[in-house]
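Here's the structure we're looking at; comments come further down.
Counting from 1, the numbers follow the sequence of the chain as shown.
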Amino acid sequence: MKRVTSLLLILLALSSTAAAAQQSPVWVKYGKWALLAGSIGMNVLAAESHHTADQAFDEIRSRCFANTDLCALAPTGVYQDPEIEALYQRTLHYDRRARNWLIGGEAALVGAGVMFIWELSRPKALPANIPFEPDVSVTPHETRLGLVVRF
């Protein structure tokens with residue numbers, strides 16, 4: 001999380017140099033899409049980790065319903081049966097992994113959103129290669145439509 005925050009702060013600091021040119025820098029233009037794709041990928045990995053944790057927990061539950069003696073706890077709070085304890089540790093491991101992927105995915109999504117908003121809010125200059133431009137003027141009595149041709 002600290003790395004993502006640091007990266008976003010560095011990118012924000014670098015964006016001040018692009019303000020003079022009034023165009024989005026390359027890292028914003030393409031970086032927002034990379035962050036969005038990364039966010040989707042991290043959320044898919046989070047779903048897979050959560051599914052693996054659920055499978056391990058379902059195995060514990062089915063074994064405990066079949067034989068309640070397997071799920072007896074030791075005074076230290078761990079399962080007395082080593083297989084059940086291993087399944088429980090596997091559940092915890094994949095739940096932590098899913099949480100970390102979700103946090104990373106959310107951070108990437110926020111970063112992509114910031115880049116989209118930043119790029120959309122920048123003033124845009126007209127491109128120099130538009131030969132025909134519509135001209136619309138409105139007065140209280142009429143609206144005029146025209147075409148400007150530049151050579």
Within this structure, what is the [atom1]-[atom2] distance for the pair [X] and [Y], rounded to the nearest 0.5 Å?
X	Y	atom1	atom2	answer
Cys64	Asp69	SG	CG	10.0 Å
Asn43	Leu102	CG	CG	5.5 Å
Asp58	Leu87	CG	CG	11.0 Å
Thr139	Arg144	OG1	CZ	6.5 Å
Ile60	Glu85	CD1	CD	8.5 Å
Met42	Asn100	CE	CG	11.5 Å

With a 4.5 Å cut-off on side-chain heavy atoms, are [Y] and [X] touching?
X	Y	answer
Leu92	Tyr88	yes
Leu35	Leu109	no
Leu73	Val78	no
Thr52	Arg90	yes
Met115	Trp27	yes

For Ala53 and Tyr94 the tightest heavy-atom approach is CB-CB, 3.7 Å
Using 4.0 Å as the upper bound for N to carboxylate O, is an ion pair formed by Arg63 and Glu83? yes
Give the C-alpha distance, both sets of side-chain angles, the deciding distance and a yes or no for side-chain hydrogen bond (donor to acceptor under 3.5 Å, both in side chains) between His93 and Gln89. CA-CA 6 Å; His93 170 74; Gln89 292 303 320; over 6 Å; no
If we ignore hydrogens and angles and just use 3.5 Å, is the side chain of Ser49 paired with the main-chain N or O of Ala46 as donor and acceptor? no
Given Val44 and Glu48, is the side-chain contact (heavy atoms from CB on, under 4.5 Å) satisfied, shown in steps? CA-CA 6 Å; Val44 167; Glu48 288 176 3; 3.9 Å; yes
Could you check whether the rings of Phe116 and Trp33 sit parallel, tilted or perpendicular, using 30° and 60° as the cut-offs? perpendicular
